[in-house]
Every structure is written in structure tokens, then in C-alpha cells.
Amino acid sequence: MSTHSNHPFHLVDYSPWPLTGAIGAFTMVSGLVKWFHQYDNSLFILGNVITLLTMYQWWRDISREGTFQGLHTFNVTLGLRWGMILFIVSEVFFFVSFFWAFFHSSLSPTIELGSLWPPMGILIFNPFQVPLLNTAILLTSGVTVTWAHHGLMENNHSQTLQGLFFTILLGIYFTILQAYEYMEASFSIADAVYGSTFFMATGFHGLHVLIGTTFLAVCMFRHMNNHFSNSHHFGFEAAAWYWHFVDVVWLFLYVSIYWWGS
């Protein structure tokens, strides 16, 4: 990575990871096409492996330049903050599209749905069972990640570690319960627009929980290796912002799809 310090901006040396990332993405999409047509997922798996290896090595380099090489100056971290903010804004609009589809269909159900919502024949989930438990789990995880952040700000290594550990544990618990809910569902993604909007919205939220849990697990590993201080820990802050975003999206999902939509 670049070691020039005569400017406040972030200029990196030549890196192979954008190229290998593009190759991985191309291989993955090509593998999906092959899987759909020839029922062989070997190329898709290869694309995933290339992408995952690229992600690991690219993010390893970023952690190295920020932690050990001192390249993440104030202006650089400011740019990273704005990048994360804009990424979360794009994610907000991503989920807005799912809520739009849900409310468009539910507020004025068509004759093909029997003019009913939920459509005839769909047995919905009880919002006061597993969905309510999952809501409590995610709200609690928001408390534990804030606890970890406060511990980091106070240079309390053990409290930060404990807060991160419990947040990750709660994220895994949420994922297990959602998988159980999916297995017990009486309808599928092919069951009218209700099934489509339900599984698209909750499924993508579940994917975001998995990503956020991985994000926090990496932060815990870095914290155990003393990569963070009370004044230099944007990697952790970005993970906490992302996790709070996931919490807020779930609250909207629970209120609109599980409770009101039932």
C-alpha cells in the first residue's frame, strides 16, 4: 500500500483485488445461468470461492493499512464515514421497494387474490409467537452492541469483548429461529404475491442479519488483536451503524408484514 504522507487523501498502490473480484462476480453470475439451464452448480460454487477469497484478502489489506500503516487519516476516515452513510441510504431504498410492493398489493387486493388480504388459502404466522421473540432478540442485540461501543470508548477491553460476543450470539439465534420459521411455513415464495413479498422482504433481511453478524465477528477478532482504540475504531462504528439499520428494518417488517398484514 502507498506510504506517501504529503497529502491527506487516500491513494493506494496497485492491487489485484478489483480484478479478481470482477472475475469472481462474472464467474458467479455465469454459474447461476449454467445452474438454471444445466442443473450443475460447480461454476457457481467456483465463483463464490473466488469472491470470498477476494473479499478476505481485500479487507485484510484495508485493515492493515488502517491499523499498522497509519494511512487512514482524518480526511480518509471522513470519506469512509460518508461512504458507509450513503451505502446505508441505498439499503433503505432497497427495502422501500419491498414495502412498496407489499402495501400496493395489500391495500387494494385484486380479484385474482379473491379481493382478500392475506389471499385465500394462505395460513399466516402468529405475530405474537416466533416473530415477537425475534423482535425482542434484535432489540436486545441493539443494546449489547451499544454496550460494546461504550466499553470501547472507555478503553474497557473486556466489556467491549463481552458486548460483541453477546451481539453475535443473538444474531445467530435470530437466524436459527428464522430458519425454523421458514421450515414451518405453510406457504412458499410461489404462493401469490403474499408469498413473494413475504419471503423477499424477510429473506433479504435475514441475509443482512448474516452479513451484519459476520461484520461484528470480524470486529471481535480485530478487537481481540488490539486493532481498535477509543479514538480509532471506524470499522467497529460502521458495523454498529449497519446493525442498528438491520434492527430498524426488522421493526418495520414486524409491524407491517407480521402484525398489520395479518
> Out of the candidates Phe99, Phe187, Trp117, only one should pair with Phe198 under the ring-ring contact (aromatic ring centres under 6.0 Å, His included) rule; please name it.
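When Phe99, Phe187, Trp117 are each tested with Phe198, the ring-ring contact (aromatic ring centres under 6.0 Å, His included) holds only for Phe187.
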> Kindly give the heavy-atom pair with the smallest separation between Ser229 and His233, and that separation in Å.
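In terms of heavy atoms, the two residues are closest at O-ND1, 2.8 Å.
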> In Å, rounded to the nearest 0.5 Å, how long is the span from CZ of Phe204 to CZ of Phe95?
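Phe204 atom CZ to Phe95 atom CZ measures 8.0 Å (nearest 0.5 Å).
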> Minimum heavy-atom separation for Ala192 and Pro119, please, with both atom names.
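Closest pair (atom of Ala192, atom of Pro119, distance): CB-CG, 4.4 Å.
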> How would you list, by chain and number, every residue that makes a ring pair (Phe, Tyr, Trp, His ring centres under 6.0 Å) with Trp260, sequence neighbours excluded?
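Trp260: ring pair (Phe, Tyr, Trp, His ring centres under 6.0 Å) contacts with Phe103.
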> Taking Val92 as the starting point, is it possible to reach Val255 by hopping between hydrophobic residues whose side chains are less than 4.5 Å apart?
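Same cluster.
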> Can you check whether Trp58's main-chain N or O pairs, donor with acceptor, with Asp61's side chain at less than 3.5 Å?
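Side chain of Asp61 to backbone of Trp58: no pair is present.
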> Treating Ile, Leu, Val, Met, Phe, Trp and Tyr as nodes and any side-chain heavy-atom pair under 4.5 angstrom as an edge, say whether Phe165 and Leu210 lie in one connected cluster.
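No, Phe165 does not connect to Leu210 through the hydrophobic network.
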> Answer yes or no: does atom CZ of Phe94 have more than 12 heavy-atom neighbours from other residues, nucleotides or ligands under 6.0 Å?
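Yes.
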> Is there a continuous path of hydrophobic side-chain contacts, each under 4.5 Å between heavy atoms, that joins Leu86 to Val96?
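Leu86 and Val96: separate clusters.
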> Looking at Arg64, is its backbone amide N or carbonyl O close enough to the side chain of Thr67 to form a donor-acceptor pair, meaning the two atoms are under 3.5 Å apart?
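No; judged by distance alone, with no hydrogens or angles, the pair does not exist.
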> So which heavy atom on Asn156 is nearest to which on Thr160, and how close?
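That would be O-OG1, 3.0 Å.
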> So, taking the atom named CG in Asn230 and the one named NE2 in His150, what distance separates them when rounded to the nearest 0.5 Å?
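Going from CG on Asn230 over to NE2 on His150, the span is 13.5 Å.
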> Tell me, yes or no, whether the heavy-atom count around Phe125 atom CZ, taken from other residues, nucleotides or ligands under 6.0 Å, exceeds 12.
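Yes, CZ of Phe125 has more than 12 neighbouring heavy atoms, counting only those of other groups under 6.0 Å.
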> Looking only at heavy atoms, which two atoms of Val193 and Ser105 are closest? And how far apart?
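For Val193 versus Ser105, the nearest heavy atoms are CG2-OG, 3.4 Å.
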> May I ask you to check whether Phe93 and Trp100 place their ring centres under 6.0 Å from each other?
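Ring-ring flag for Trp100/Phe93: false, centres at least 6.0 Å apart.
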> Output the distance between atom OG1 (Thr77) and atom CH2 (Trp82), rounded to the nearest 0.5 Å.
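Going from OG1 on Thr77 over to CH2 on Trp82, the span is 13.5 Å.
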> List the atom pairs, with distances to 0.1 Å, where a side-chain N or O of residues 136-145 and a protein N or O form a donor-acceptor pair under 3.5 Å, not counting sequence neighbours.
residue : atom : partner : partner atom : Å
Thr140  : OG1  : Ala136  : O            : 2.7
Ser141  : OG   : Leu138  : O            : 2.6
Ser141  : OG   : Trp243  : NE1          : 2.8
Thr144  : OG1  : Ser141  : O            : 2.9
Thr144  : OG1  : Thr167  : OG1          : 2.7

> Go through it in stages, so that I can follow the logic: the residues are Leu52 and Tyr56, the test is side chain to side chain contact (heavy atoms under 4.5 Å, CB included), and I'd like the CA-CA distance, side-chain angles, deciding distance and then a yes or no.
CA-CA 6 Å; Leu52 289 171; Tyr56 170 76; over 6 Å; no
> Transitively linked via ILVMFWY side-chain contacts under 4.5 Å: Val246 with Leu133?
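Yes, same cluster.
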> Whether the side chain of Gln57 engages the backbone of Leu53 through a donor-acceptor N/O pair (distance < 3.5 Å, no angle test) should be reported.
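Yes: the side chain of Gln57 pairs with the backbone of Leu53.
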> Which is it for Arg81 and Glu237 under the side chain to side chain contact (heavy atoms under 4.5 Å, CB included) test, yes or no, and what are the steps along the way?
CA-CA 9 Å; Arg81 287 174 190 276; Glu237 276 189 297; 2.8 Å; yes
> Could you tell me whether the side chains of His208 and Glu91 share a donor-acceptor contact shorter than 3.5 Å?
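A donor-acceptor contact under 3.5 Å links the two side chains.
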> Answer whether the closest heavy-atom distance between the side chains of Ser106 and Tyr194 falls below 4.5 Å.
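The answer is no, as the side chains (C-beta and beyond) never meet within the 4.5 Å cut-off.
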> If you look only at distance, which donor and acceptor atoms sit under 3.5 Å apart when one is on a side chain in residues 27-39 and the other is two or more places apart or in another chain?
residue : atom : partner : partner atom : Å
Thr27   : OG1  : Ile23   : O            : 2.7
Ser30   : OG   : Phe26   : O            : 2.8
Lys34   : NZ   : Asp40   : OD2          : 3.2
His37   : ND1  : Val33   : O            : 2.9

> Any luck finding a side-chain donor-acceptor pair between Trp250 and Thr135 under 3.5 Å?
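Their side chains do contain a donor-acceptor pair, which is all the 3.5 Å distance test asks for.
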> Is the shortest side-chain heavy-atom distance between Leu170 and Phe174 below 4.5 Å?
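When only atoms from C-beta onward are counted, Phe174 and Leu170 do not touch, as no gap falls below 4.5 Å.
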> Do the non-hydrogen side-chain atoms of Val209 and Thr213 ever get within less than 4.5 Å of each other?
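They are in side-chain contact.
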> If we ignore hydrogens and angles and just use 3.5 Å, is the side chain of Gln178 paired with the main-chain N or O of Thr202 as donor and acceptor?
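Yes: the side chain of Gln178 pairs with the backbone of Thr202.
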> Which label fits His72 and His232: parallel for a plane angle under 30°, tilted from 30 to 60°, or perpendicular past 60°?
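His72 vs His232 ring planes: tilted.
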> Give a yes or no on whether the backbone of Pro127 and the side-chain of Tyr254 come within a donor-acceptor separation of less than 3.5 Å.
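The answer is yes, because a donor-acceptor pair under 3.5 Å joins these two groups.
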> Are Phe234 and Ile211 connected, step by step, through hydrophobic side chains (Ile, Leu, Val, Met, Phe, Trp, Tyr) whose heavy atoms are closer than 4.5 Å?
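Hydrophobic grouping puts Phe234 with Ile211.
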> Taking side chain as C-beta onward, heavy atoms only, is Met200 less than 4.5 Å from Phe102?
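Side-chain contact under 4.5 Å: no.
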> Answer whether the closest heavy-atom distance between the side chains of Met55 and Trp17 falls below 4.5 Å.
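Result no, sub-4.5 Å side-chain heavy-atom pair not found.
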> A side-chain contact here means heavy atoms from C-beta on lying under 4.5 Å apart; do Phe252 and His205 qualify?
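Phe252 does not reach His205 side chain to side chain.
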> Do Phe236 and Arg222 touch side chain to side chain, with heavy atoms closer than 4.5 Å?
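No. Closest side-chain heavy atoms not under 4.5 Å.
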> Answer yes or no: is there a side-chain heavy-atom contact under 4.5 Å between His157 and Asn226?
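They are in contact (side-chain heavy atoms under 4.5 Å apart), so the answer is yes.
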> Calculate, to the nearest 0.5 Å, the distance between atoms CG and CG belonging to Asn75 and Leu80 respectively.
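Nearest 0.5 Å value for the CG-CG distance: 11.0 Å.
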> For a quick test of reading the model, state the closest non-hydrogen atom pair linking Ile257 to Ala201 and the distance between them.
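Ile257 and Ala201 have their closest heavy atoms at CD1-CB, 3.8 Å.
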> Rounded to the nearest 0.5 Å, what's the gap from CE on Met220 to CG on Asn225? Could you check?
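Rounded to the nearest 0.5 Å, the CE-CG separation comes to 11.0 Å.
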> Tell me the closest heavy-atom pair linking Pro118 and Ile124, and the distance in Å.
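Shortest heavy-atom contact: CG-CG2, 3.5 Å.
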> Once you round to the nearest 0.5 Å, how far does OH of Tyr258 lie from CG of Leu132?
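Here the interatomic distance stands at 12.0 Å.
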